[in-house]
Amino acid sequence: MNWELIFGQIKWTSFVFAGAIENPSLSEFIASGAGSVAVLGALAAVILLTVKGWWVPLWRDWLTSVDHKKVGIMYIAIALVMFARAVIEAALMRAQQLAATDSGGFLSADHFGQLFSTHGTIMIFFVAMPFITGLMNYVMPLQIGARDVSFPLLNAISLMLTMAGAILIMVSLVVGQFSTGGWSAYPPFTGIEFSPGEGVDYWIWAVSLGSIGSTLTGLNFAVTIYKKRCPGMTLFRMPLFTWTTLCTSILMIFAMAPLTAATVMLALDRYAGFHFFTNGDGGNMMNYANLFWLFGHPEVYILILPAFGVWSEVVATFSSKRIYGYTSLVYATMCIAVLSFAVWLHHFFTMGQSANVNAIFGIATMIIGVPTGVKVYDWLLTMVGGRIRFTTPMLFHINFLLTFILGGMTGVLLANPGIDFQVHNTLFLIAHFHNMIIPGVLFGMFAAVQFWFPKAFGFRLHEGLGRASFWCFAPGFLLAFFPLYWLGLMGATRRTYMWSDPDYLPWLALAMAGAALILAGFALMVMQIVVSVRQREPLAAPLGDPWDGRALEWSIPSPPPDWNFAVLPEVTARDPFYEAKKAGTAYRSPAAYEDIEVPRNTATAPLIGLFACAWAFGLVWHIWWLAIVSFVLIWVVVIARSFATDTEEIIPAATVKAANEAFLAAVRSAPGVTRDREMTSENRGRAIPEGLEGRSGAVSSGAAVEVLS
């Protein structure tokens with residue numbers, strides 16, 4: 001038997017457990033432990049699904065679903081699983097740096113290099129991206145009064161390509177090693193001469209699958225917003241979260257293409273002997289830097305703009321006020337989206353271009369802070385005079401305002417090429433980047449989960465555990481990253497696995513304490529979800545509006561039916577549902593119901609994802625038969641799907657009417673809740689609008705019925 005023909009370059013020593021056997025060390029034992037956790041976790045999932053009999057529901061109701069709501073939930077599930085790995089890796093890196101003062105620590109240099117590469121790659125491509133994509137998937141169609149996205153099957157394929165990339169990175173824990181080239185994978189280090197193993201190939205194909213999925217998502221969402229808005233939903237009546245989704249989608253379309261081009265060209269350099277990025281053979285490695293950061297800086301705003309949309313929804317809802325400066329927020333969002341393509345070169349101020357070029361991009365970088373400042377002022381002015389409720393999402397928002405402003409100020413400093421030249425390769429830059437991304441994106445997504453969870457599942461999350469999680473995350477973030485500013489000014493370089501300066505030690509200890517608090521915050525968040533599931537009856541909010549919401553998603557049951565809206569709404573105001581509640585026109589029965597057409601479930605997307613993952617794995621390990629067969633099977637599935645004609649199913653009007661009238665009857669008969677009682681078991685999802693509360697903070701159920709029915 002020709003082993004190489006069947007298994008390519010995989011050998012016994014390719015498995016992570018071989019290292020602990022052949023070269024026992026603490027670093028190898030940690031790597032083997034991580035691989036064991038991955039294998040045992042997969043086995044536990046298989047056993048659980050088998051024992052519970054969940055395989056059929058998982059396949060029938062989830063993996064083959066093209067419903068935008070289920071697709072969105074699966075995206076977020078991927079993000080949370082990958083976040084668990086990434087945050088553990090971050091804590092491990094911080095512990096290594098703390099232990100490695102005048103010593104080698106407990107990790108090898110190569111192992112540390114893999115950790116910072118996987119941490120960055122996972123957090124950007126497989127935590128932040130699927131988190132924002134899942135949130136936009138779930139919320140945006142509901143906010144514009146649509147029944148689904150424009151291309152439901154394409155949406156599911158995008159999900160499965162992202163899942164395939166995530167699986168590939170998880171497989172690298174067990175079979176082979178990951179890249180040590182960082183999340184940006186600069187050549188020539190990632191060329192075949194300096195990184196001849198499988199690590200860079202894992203990075204290339206995981207990122208390529210994710211970037212293709214994100215490009216398709218951007219096209220899908222942009223078309224949905226342009227074409228699927230309900231009657232009366234003009235552009236300047238769209239909720240701000242939908243506006244940020246639109247701008248993000250346009251950024252995805254144009255920014256992901258340079259990344260895909262860069263990864264394909266790097267792959268051709270490695271696999272076929274091309275020299276796109278080899279300086280001595282006619283190429284130019286700066287071409288890679290330009291292509292990568294043509295993606296990389298718009299990517300920052302791909303991540304942050306949806307979070308800005310979340311903050312706009314959260315601050316208006318929990319301040320019980322209409323958002324201040326709606327129009328200025330819209331124009332600020334568009335300005336940020338456009339300017340994001342004009343600042344990529346500040347990522348290589350130190351790489352040798354002229355002072356004039358640096359000055360131009362430095363000025364552009366400073367200018368982009370102006371529309372961001374407009375947003376901050378509008379959020380603050382929304383809170384002024386409002387009745388602020390210090391819920392978990394609002395706590396995250398207030399913390400975001402304080403920390404994001406500080407991070408923005410350090411960004412203005414780094415926009416100065418002279419300052420950037422001094423601190424570019426230090427921990428100061430790491431502190432700045434995390435100072436923007438964690439409060440801006442990660443905390444925004446955590447707030448979004450707390451905010452929209454009852455809409456997705458029909459019950460609220462446990463508020464006490466949510467606040468406990470926040471009180472770990474907020475100080476944990478400060479402790480983990482603010483010491484890095486000082487370390488950077490002291491000269492501590494990034495991507496360094498050991499130190500010789502004992503003065504770094506107390507600051508590294510503070511950072512380690514912060515990492516421990518962040519881990520505790522994540523553990524409490526997981527606990528919150530588990531406890532909330534077990535206590536879902538007292539936390540139930542099936543009537544759809546637990547927070548006195550303003551946009552259309554709060555006008556329908558929780559969780560929403562497959563068809564979203566029994567009858568497509570007609571919009572006449574900027575906060576349509578809130579205005580309808582105030583006018584007494586919410587929850588009215590429609591004059592007539594019609595049959596609704598929804599897309600059927602299909603195995604097309606999961607099969608494409610499965611074969612794409614197998615194709616990429618074959619390319620990583622040079623298992624050519626697997627790569628060829630998988631590639632052919634992808635196109636077999638695509639062609640077979642093109643012959644399918646029975647792709648839609650009809651929901652009879654009688655079914656829609658029965659479900660909707662039952663919901664309306666439940667709302668009309670339920671007593672409303674005031675802001676003072678929204679965290680109690682009395683909150684079943686029918687909030688009394690702020691303006692209708694009596695001076696005592698309560699209102700009779702009869703008055704509420706009169707207004708809302």
Between the side chains of S117 and S179, does any donor sit under 3.5 Å from an acceptor? no
Heavy-atom side-chain contact between L406 and F482 under 4.5 Å: yes
With a 4.5 Å heavy-atom cut-off, do N220 and H68 have their side chains touching? no
Where M233 and R237 come nearest, the two heavy atoms and their spacing: SD-O, 3.4 Å
CA sep, side-chain torsions, deciding dist, call: E313, W452, side-chain hydrogen bond (donor to acceptor under 3.5 Å, both in side chains): CA-CA 10 Å; E313 303 292 332; W452 277 297; over 6 Å; no
Are the side chain of S208 and the backbone of T260 linked by a donor-acceptor contact shorter than 3.5 Å? no
Residue pair T190 / A185: nearest heavy atoms and the distance that separates them: OG1-O, 2.9 Å
Using a 3.5 Å distance criterion without hydrogens, assess whether the side chain of R495 forms a donor-acceptor pair with backbone atoms of F116. no
Check the orientation of F481 and F477. Use parallel for under 30°, tilted for 30 to 60°, and perpendicular for over 60°. tilted
Backbone N or O of Y324 within a donor-acceptor pair of the T382 side chain at under 3.5 Å? yes
Would you check if L142 and L552 make a side-chain contact, meaning some heavy-atom pair closer than 4.5 Å? no
Using every non-hydrogen atom in the two residues, find where P130 and Y75 come nearest and quote the distance to one decimal. O-CB, 3.4 Å
To check you understand the geometry: which heavy-atom pair defines the closest contact between I302 and P306, and what is its length? O-CD, 3.0 Å
Is it the case that the side chain of R467 and the backbone of F390 share a donor-acceptor pair, with hydrogens and angles ignored and the cut-off at 3.5 Å? yes
Determine the interplanar angle of the F125 and F295 rings, folded into 0 to 90°, and report it as parallel if under 30°, tilted if 30 to 60°, perpendicular if over 60°. parallel
Which heavy atom of A206 sits nearest to which heavy atom of I169, and what is that distance? CB-CG1, 3.7 Å
The test is side-chain hydrogen bond (donor to acceptor under 3.5 Å, both in side chains); show your working for Q450 and T391 and say whether it passes. CA-CA 9 Å; Q450 306 286 331; T391 60; over 6 Å; no
Between M383 and I398, does a side chain to side chain contact (heavy atoms under 4.5 Å, CB included) hold up when you go through it step by step? CA-CA 10 Å; M383 296 167 65; I398 294 169; 4.0 Å; yes
T217 and T133: CA distance, side-chain angles, deciding distance, side-chain hydrogen bond (donor to acceptor under 3.5 Å, both in side chains) verdict: CA-CA 8 Å; T217 295; T133 305; 5.4 Å; no
Would you say that L345 contacts N358 through its side chain, given a criterion of any heavy-atom pair below 4.5 Å between the two side chains? yes
Do H297 and H346 touch side chain to side chain, with heavy atoms closer than 4.5 Å? yes
Side chains of S328 and D378: is there a donor and an acceptor less than 3.5 Å apart? yes
Taking the side chain from S319 and the backbone from K321, do they hold a donor-acceptor pair closer than 3.5 Å? no
Closer than 3.5 angstrom, by distance alone: can the side chain of H119 be matched with the main-chain N or O of L115 as a donor-acceptor pair? no
Could you tell me how the ring of F451 sits relative to the ring of W547: parallel (under 30°), tilted (30 to 60°) or perpendicular (over 60°)? parallel
Just by distance, no angles: are the side chains of S555 and K581 close enough, under 3.5 Å, to form a donor-acceptor pair? no
Has the side chain of D575 got a donor or acceptor atom that lies under 3.5 Å from a matching backbone atom of R550? no
Is it true that, when you exclude F446 itself, more than 12 heavy atoms of the residues, nucleotides or ligands shown sit nearer than 6.0 Å to its CZ? yes
Answer yes or no: is there a side-chain heavy-atom contact under 4.5 Å between F404 and I304? yes
Working to the nearest 0.5 Å, report the span between CZ of F126 and CZ of F131. 16.0 Å
Counting heavy atoms not belonging to M409, are there more than 12 under 6.0 Å from its CE? no
Side chain K455, main chain P560, donor-acceptor under 3.5 Å: no
Would you mind telling me which of L246, L216, T248, N137 makes a side-chain contact (heavy atoms from CB on, under 4.5 Å) with F221? N137
Does R389 count as lying over the ring of F318, i.e. NZ or CZ under 6.0 Å from the six-ring centre, within 45 degrees of the axis? no
Minimum heavy-atom distance between C230 and P569, given as atom pair plus value: CB-O, 3.4 Å
Taking the six-membered ring for Trp, are W311 and F400 parallel (under 30°), tilted (30 to 60°) or perpendicular (over 60°)? parallel
Non-hydrogen side-chain atoms of I122 and W183 separated by less than 4.5 Å: no
Please walk me through it: do I336 and K375 pass side chain to side chain contact (heavy atoms under 4.5 Å, CB included)? CA-CA 11 Å; I336 290 170; K375 286 179 172 287; 3.9 Å; yes
May I ask you to decide if F348's main-chain N or O and Q353's side chain share a donor-acceptor pair within less than 3.5 Å? yes
M265 vs L291, side chain to side chain contact (heavy atoms under 4.5 Å, CB included): CA-CA, chis, key distance, verdict: CA-CA 10 Å; M265 292 163 74; L291 283 170; 3.8 Å; yes
Rounded to the nearest 0.5 Å, what separation is found between the CG atom of L395 and the CZ atom of F443? 11.5 Å
For F361, which of F341, F349, W344 qualifies under ring pair (Phe, Tyr, Trp, His ring centres under 6.0 Å)? W344
Heavy-atom side-chain contact between V315 and M394 under 4.5 Å: yes
N/O donor-acceptor pair under 3.5 Å between Y138 side chain and I73 backbone: no
Working for side chain to side chain contact (heavy atoms under 4.5 Å, CB included), residues L266 and F276: CA-CA 7 Å; L266 184 59; F276 288 114; over 6 Å; no
Count the heavy atoms of every other residue, nucleotide or ligand shown that sit under 6.0 Å from CZ of F254, and state whether that count exceeds 12. no
